[in-house]
Protein chains: 2
Amino acid sequence: MKKYKIPEATINRLTVYSRCLEQEEIKGIETISSAEIARKIGVTPAQVRKDLAYFGEFGTRGVGYNVKDLKKHIMKILGLNSKWNVAIIGAGNLGSALFHYKGFQERGFYVAAIFDNNPEKIGKKMGDKVILDFRQDINNIIKELRISLAIVAVPADSAQEVVDKLVNAGIKGIVNFAPRSLSVPSDVILRRVDLAAQLEILTFNLQSKSQIYGK
Amino acid sequence: MKKYKIPEATINRLTVYSRCLEQEEIKGIETISSAEIARKIGVTPAQVRKDLAYFGEFGTRGVGYNVKDLKKHIMKILGLNSKWNVAIIGAGNLGSALFHYKGFQERGFYVAAIFDNNPEKIGKKMGDKVILDFRQDINNIIKELRISLAIVAVPADSAQEVVDKLVNAGIKGIVNFAPRSLSVPSDVILRRVDLAAQLEILTFNLQSKSQIYGK
DNA sequence: TAGATTGTTAATCGATTAACAATC
DNA sequence: TAGATTGTTAATCGATTAACAATC
């Protein structure tokens, strides 16, 4: 059996395809072609078909894809056929924002616990949850609540320490919002999201329009 | 003059390099090699040198790069040598989180205004700002406060309408947090950030470890 | 000079796309 | 059958990397 390495960009697009199919499903559309999907999200039809072909044959030649079925297939590919429990570390501005953000729930992620290590915050309520003591409770709670993913929303300086403790507690997938490169063992998956960087890429592009780099 | 197209990935890495250099600067390190930068952030030294070479010659052969100077150069390349005024559209959970997030300020982005179109929110205070009426005030405020960037944190259904009005008001750079593909004229730059998708990529990777796609 | 590290070229690697046979 | 659209191959395109001359 030949094993393919699937491009990171393909996975990114799968999440976009699934969002697009969700909309079509709501509209009551039953069948969609690669060309229509492509147009809606701004890629080529070949790209759509190639991306899907990594995982199977989901369409009908001459007809297209069944919206409901394809959505289900993609959700399964992304691992969204089951629920995932998530912990948020850091009850500051960003942490509390992510805690209240409804977009996670919609996609099958349940924020099961929120942690901080500030004594003034520990014990206070956030929504329907009590803010837990990161240092004291993290190991037990992760086991008890079967939490497998963590979102790190702590200051950059403490991010590595937090991630080390999460790894130690058995977490295998981490999204890091602290603007710092962190290291984890090879069996743990770490993603970094830098919110300010999103704006920086905009300003680069706006700037470089009036400027030509070259030689 | 030959014009290079600079890879998107290069710009992404520039933001990471600048963060890394910031840290080194704080530590008091004066000189750094491409190999050290590469190791710290997990890329190859050739990658670092190639990325920088798109924009100029910033190092000294046999020596390395001056940390302070290189950081300044990269900040300039990213357009961060001047301040940028930003508007946040949507005063819900995510919008208010982004409003309070300190990471923008640190990189030279000033959140100058926050808008909503819910009458119950308009007029209320958020931090030191009053929530403004998106439909009524957007054009004037964007001109008055010289706002050039916008962050869209509204529900998916109203995102396209909001973006249209922003484009109409003269905004040229938009970061969209609503999970929907939107369309803008070609002179406007739109970036999409899907927070749930970050978790989905994790779950895909965790899943696919125990699963082999291929044929 | 010897050692080190950049800047740059050419080779490699991988992702995208055009094209078309398969087939509904 | 004719028309349409998939799944897949091969060609193209672009990004990464190895290697090395330049030079501090």
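Chain A is the first sequence line, chain B the second, and so forth, proteins listed ahead of strands; every chain is numbered from 1.
For the pair B:Ile6 CD1 and D:dA15 C1', the interatomic distance rounds to 13 Å; values are reported in whole Å. At whole-Å resolution of the value, CD1 in B:Ile11 and P in D:dT16 are 11 Å apart. If you take CZ of B:Arg49 and C1' of D:dC20, they are 10 Å apart, rounded to a whole angstrom. Atom P of nucleotide C:dA11 and atom CD of B:Gln47 are separated by 20 Å, given to the nearest angstrom. Spacing between atom CZ of B:Phe58 and atom P of C:dG7 amounts to 9 Å, rounded to whole angstrom units. Atom CZ of A:Arg39 and atom P of D:dT5 are 13 Å apart (whole Å). Between the OH atom of B:Tyr65 and the P atom of D:dC24 there is a distance of 14 Å, rounded to whole Å. Atom pair A:Tyr54:OH and C:dT16:P shows a separation of 7 Å (rounding to whole Å applied).
Distance from the side chain of B:Ala46 is smallest to D:dA18 among C:dG7, D:dA18, D:dG7. Considering only the side chain of B:Lys50, D:dT16 comes nearest among D:dA21, D:dT16, D:dT6. Listed nucleotides D:dT5, C:dT5, C:dT8 differ in distance to B:Ser33; the shortest reach to its side chain belongs to C:dT5. Residue B:Ser34 places its side chain closer to C:dT6 than to any other of D:dT6, C:dT17, C:dT6. The side chain of B:Pro7 lies closest to D:dA15 when the candidates are D:dT17, D:dT8, D:dA15. Counting only heavy atoms from C-beta on, A:Arg13 has its side chain closest to C:dT16 among D:dA15, C:dT16, D:dT6.
Phosphate contact (OP1/OP2 of C:dG7, side-chain N/O of B:Arg61, threshold under 4.0 Å): absent. Using a 4.0 Å cut-off, no side-chain N or O of A:Lys5 falls inside it from OP1 or OP2 of C:dC13. For C:dC24, neither phosphate oxygen OP1 nor OP2 lies less than 4.0 angstrom from any side-chain nitrogen or oxygen of A:Thr60. Contact annotation: B:Thr44 side-chain N/O to D:dT17 OP1/OP2 distance is under 4.0 Å.
Comparing A:Val63 and A:Asp51 by the nucleotide of DNA chain C that holds the closest heavy atom to each, the one mapping nearer the 5' end is A:Asp51. Nearest-nucleotide positions on DNA chain C for A:Glu8 and A:Gly62 put A:Glu8 closer to the 5' end.
B:Ala9 comes within 4.0 angstrom of sugar-phosphate atoms only, judged by non-hydrogen atoms across all strands, and of no base.
Side-chain contact check for A:Asp51 versus A:Val43: every heavy-atom pair is 4.5 Å or farther apart.
For DNA chain D, runs of at least 3 consecutive pairs of the Watson-Crick or G-U wobble type, with both hydrogen-bonding distances under 3.5 angstrom, map to C:3-24 with D:3-24.
Side-chain contact check for B:Glu161 and B:Ser158: no donor-acceptor pair (N or O, by modelled atom type) lies under 3.5 Å. Side-chain atoms of A:Gln160 and A:Arg180 form no donor-acceptor pair, as typed in the model, at a separation below 3.5 Å. Checking B:Arg107 against B:Thr15 by side-chain atom types alone, no donor-acceptor pair falls below 3.5 Å.
A side-chain donor-acceptor contact under 3.5 Å links B:Trp84 to the backbone of B:Gly79. A donor-acceptor pair is defined here as one N or O able to donate and one able to accept, closer than 3.5 Å; such a pair exists between the side chain of A:Gln207 and the backbone of B:Ile77. Checked by atom type and distance alone, the side chain of A:Asn85 pairs as donor or acceptor with a backbone atom of A:Leu145 at under 3.5 Å.
When each of A:Tyr54, A:Tyr17, A:Phe55, A:Phe58 is paired with A:His73, the ring pair (Phe, Tyr, Trp, His ring centres under 6.0 Å) condition holds for A:Phe58 and for no other.
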